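Data block below; observations after.
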Amino acid sequence: RIREEEEKRRKQKEEEERERRRREEEEERIRREEQERVEREEREQRRKEEEERERIRLEELRVKEQQTRQVVQELEQLLAKAEEEATKARQVTEHLYQLVNGSTVNSAPRESLAASFPPKAEEALRSAKSAARLGQVAQKACETAWKSLEQHWMQLFEVETLRHEVTHFVQRSEQRMQQAQMTAAQAVKMASESKERIGNTAAPAICDRKNGDIFRRYDQDEDGMLSSTEVVSFCRLEYGFALPQGNLDRILQHLATTAPGAGTAAVEPKRFHQLRTAVGIARFEARAKKAKEAKMAGDTAGDTAAAAAAAAEDEKLKLEFQNHLKQRQQQMEKEMEQIAWTDLEKKIADVESTSANFVKAAAEPVNQEELQKIEAVYDSALQETRTALPGYVNQLRALHHGALQLSMKTEVKEVKQDAKEVKEGKDEPMKDEKDQNPNESEDQKDGQKEKDEKDEKDAKDVEKDALKGLKESLRSLSQRLAKLEARLVLSERRAVEGRKVTARILAHKVEEVRLEVAVKLRQCIEQLGGKAVDLFQIIAKGEDVASVEEAQVFLKENNCEMEMEKLSKAFAACKSTQDGSGPVKVTREEFGRIIRLCYEVKTAVDLTEQLALGPAMRSLQPGEILEVQAGPRSEPSTEGMLRIHARAQLDGALGWVTLSSSEGEYLVKKPNPTSS
């Protein structure tokens, strides 16, 4: 019993021990599971955090890539703008180079001062200004691109994935910007040198023109030489100076020549510049002598009669000079009145009316020949107006130049008068002390002086008002001419649509001729059992080019007649460069454009492998373009059905397709875009 109890207790203990171990194992299992769960959750959390960080990193990288690409795009736009401006400057510079190197001085008499420039010098000056402006714009654009590149340098190389692409872009951009900067600098330099060269070339021509105008103005007898009387008149009216007889004799002795059949000596036009220099020296000597005599007369209280005579002579010269200016002004006013504005306005009105008729006819369905006749009438009126317009421009330029000369001479005269008044004001107290007349009161002297000053001021005001009115009239005439030119330009712009219509009509006619020539050549080679690709080799006979004459000979040999005019039109339309000299010759590529035939799918039709109807390779959809390889040929099983061997431009599929059937047309001819 005791042993049983002990055995029972032992078993109970073992049972308890097993239960305890089982609970511990269960607890350990639960603990491990919990630990694994926690670890799993931690790993999942870490994975999510890593994924979130990676997502954020990728998002930031994507944003940075987008920003970098945006910066690259902006830099590309700036660089393209700089290159565009540099290209414009280079084009203008090339044109300027041709103008400058091709211009020479023309000494023939011309109609205006501006026209005395060398040929195309005005256009060259405008091109030089345009080249300088475009060059400066290009330089500023290059500087902007450089600054933008430097500003975003770190941002560009920050993204690792785009570093190789950005490095290549930066290297290429630096080269392009350097090239653009070099082009812009060359344009600015060329413009500056051209301006200086044109100025140096045109200055003698302008000087000769001015001297020639003045010379003819004082050549009263129009013998091409200035006699002594004409030289004196030139000095009086042009310089306001009475040339002393001694100076006149000395000038004629050194500069004048005796013309054949004439007994008196005169100055030739080639010596006129020296004459002006000699007159200037004589005037300086006379002024110095007069100043010296006035000083001696003031010191010694000399003869007043000589001073009075000199004053009278000065007054006479002054009146002659004023009359000369008035005559010049009246002559300019008369020339302004003689400008035939009515003729120009009538011509521009004709251009506007013909332009309106041309645009109206182009907008309506009229006969092609009638439209071309209307265009020819418009072109004739436009050409006539364009030919007459420079004459009016030159007249206004000459008048503006004359008004500028009058203004300069009037200002010089006023400056001289003011200097004289200042000098007389300094000497007036001494003269009053010496020449005081006891019988004449001070009030009478002041009144007379004020009256003289008022009369002189009124005369000056009248001259200024007249000159101002002349300038205003010239300004209004210039505005009138500008308005007429604007009307002419507007009529040309309105006629653009009409010209587009006539150009389309002409292109359509040329395309019809080309299609006729292409069909004739293809039929001829197919009758011989050949292919269209062999046409060039047969016509050119192994050469690199084929001429119109050779094509006509080929057609005649195979009993296919074609007019020479149509062949010439087709060859000329597809030729890349038009030299205009000798027979028209085309290369293999250009000949391919001549014989090219294209059709557009009008209704869905099947593309088959054989000429006979059979299983379809694929269905051609409306709008697809087919290029003819051979045909048209009759389908064997169906009478009257024509099929062509063509290649689809969409996928290059090659097969046979039906042109038309009893159901209607499947294909329509499409013009060759190259020849059109």
Side-chain angles (χ1 to χ4, degrees), residues 54-102 120-199 486 489-490 492-493 496 500 576-577 673-674:
E54 182 67 17
R55 187 188 65 79
I56 294 174
R57 187 185 70 81
L58 293 176
E59 183 67 22
E60 291 177 352
L61 181 61
R62 186 183 65 79
V63 172
K64 289 182 179 180
E65 287 181 355
Q66 185 177 1
Q67 293 176 351
T68 303
R69 293 188 183 279
Q70 186 175 1
V71 170
V72 169
Q73 185 177 3
E74 292 176 357
L75 288 173
E76 182 67 27
Q77 292 177 355
L78 292 174
L79 184 57
K81 182 179 179 182
E83 288 180 332
E84 181 182 0
E85 297 296 338
T87 303
K88 292 180 181 178
R90 187 185 73 249
Q91 292 174 352
V92 176
T93 304
E94 291 174 353
H95 180 60
L96 174 63
Y97 181 80
Q98 295 176 358
L99 291 175
V100 172
N101 291 324
K120 299 184 180 180
E122 288 185 273
E123 183 181 356
L125 282 177
R126 288 194 296 269
S127 299
K129 292 180 181 179
S130 179
R133 178 179 57 81
L134 292 174
Q136 293 173 357
V137 171
Q139 287 180 336
K140 290 181 180 179
C142 292
E143 291 177 2
T144 304
W146 274 114
K147 289 180 181 179
S148 180
L149 180 60
E150 293 175 355
Q151 182 180 357
H152 299 92
W153 184 272
M154 298 300 297
Q155 183 180 355
L156 288 173
F157 290 96
E158 185 177 0
V159 182
E160 183 69 26
T161 56
L162 298 177
R163 185 163 296 176
H164 178 71
E165 180 181 351
V166 169
T167 302
H168 179 68
F169 168 76
V170 169
Q171 293 176 353
R172 185 166 50 87
S173 300
E174 287 178 348
Q175 296 176 358
R176 293 168 63 187
M177 280 189 284
Q178 290 174 359
Q179 184 65 28
Q181 278 184 328
M182 187 181 303
T183 304
Q186 290 176 354
V188 173
K189 183 180 178 181
M190 179 66 181
S192 177
E193 293 177 353
S194 300
K195 284 182 181 179
E196 183 178 359
R197 182 174 177 180
I198 294 170
V489 172
L490 184 60
E492 288 182 311
R493 290 179 180 175
V496 169
K500 289 181 180 178
S576 301
T577 58
T674 305

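We count residues from 1, following the sequence as given. Quantities reported herein were computed from a predicted structural model and do not represent experimental measurements.
- A pairwise comparison of heavy atoms in Gly135 and Ala184 identifies O-CB, 3.6 Å as the closest pair.
- Arg57 CZ: more than 12 foreign heavy atoms inside a 6.0 Å radius.
- Taking CD from Gln181 and CD from Glu174, the interatomic distance works out to 11.0 Å, rounded to the nearest 0.5 Å.
- Ala180 and Cys142 get closest at one heavy-atom pair: CB-SG, 3.6 Å.
- From His168, atom NE2 reaches atom CD of Gln171 across 8.0 Å, with rounding to the nearest 0.5 Å.
- Between Ala187 and Ala89, the shortest heavy-atom contact is CB-CB, 3.7 Å.
- Contact of the Gln67 side chain with the His152 side chain is not registered, since no non-hydrogen atoms from C-beta on lie closer than 4.5 Å.
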- Message: What verdict does the salt bridge (charged side-chain N to carboxylate O under 4.0 Å, His left out) test give for Glu60 and Lys64, after you've listed the backbone C-alpha separation in whole Å, the side-chain angles of each residue and the deciding distance to 0.1 Å?
- Response: CA-CA 6 Å; Glu60 291 177 352; Lys64 289 182 179 180; 5.3 Å; no
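- In this structure, CD on Gln179 lies 11.5 Å from CG on Leu79, to the nearest 0.5 angstrom.
- The main-chain N or O of Val188 is never found under 3.5 Å from a side-chain atom of Ser192 such that the two would form a donor-acceptor pair.
- Closest approach of Thr93 to Met190, counting heavy atoms only: CG2-CG, 3.3 Å.
- Closest non-hydrogen pair, Leu75 versus Leu149, comes out as CD2-N, 3.6 Å.
- In this structure, CD in Glu83 is found 9.0 Å from OG1 in Thr183, a value given to the nearest 0.5 Å.
- Here the CD-OG distance, from Gln178 to Ser173, works out to 11.0 Å after rounding to the nearest 0.5 Å.
- The distance from the CD atom of Gln66 to the CD atom of Glu59 is 9.0 Å, given to the nearest 0.5 Å.
- Remark: side-chain polar atoms of Ser148 are not paired, donor with acceptor, to backbone N or O of Thr144 under 3.5 angstrom.
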- Task: Dump the intermediate steps for side chain to side chain contact (heavy atoms under 4.5 Å, CB included) on Gln186 and Met182, then the final yes or no.
- Result: CA-CA 6 Å; Gln186 290 176 354; Met182 187 181 303; 3.7 Å; yes
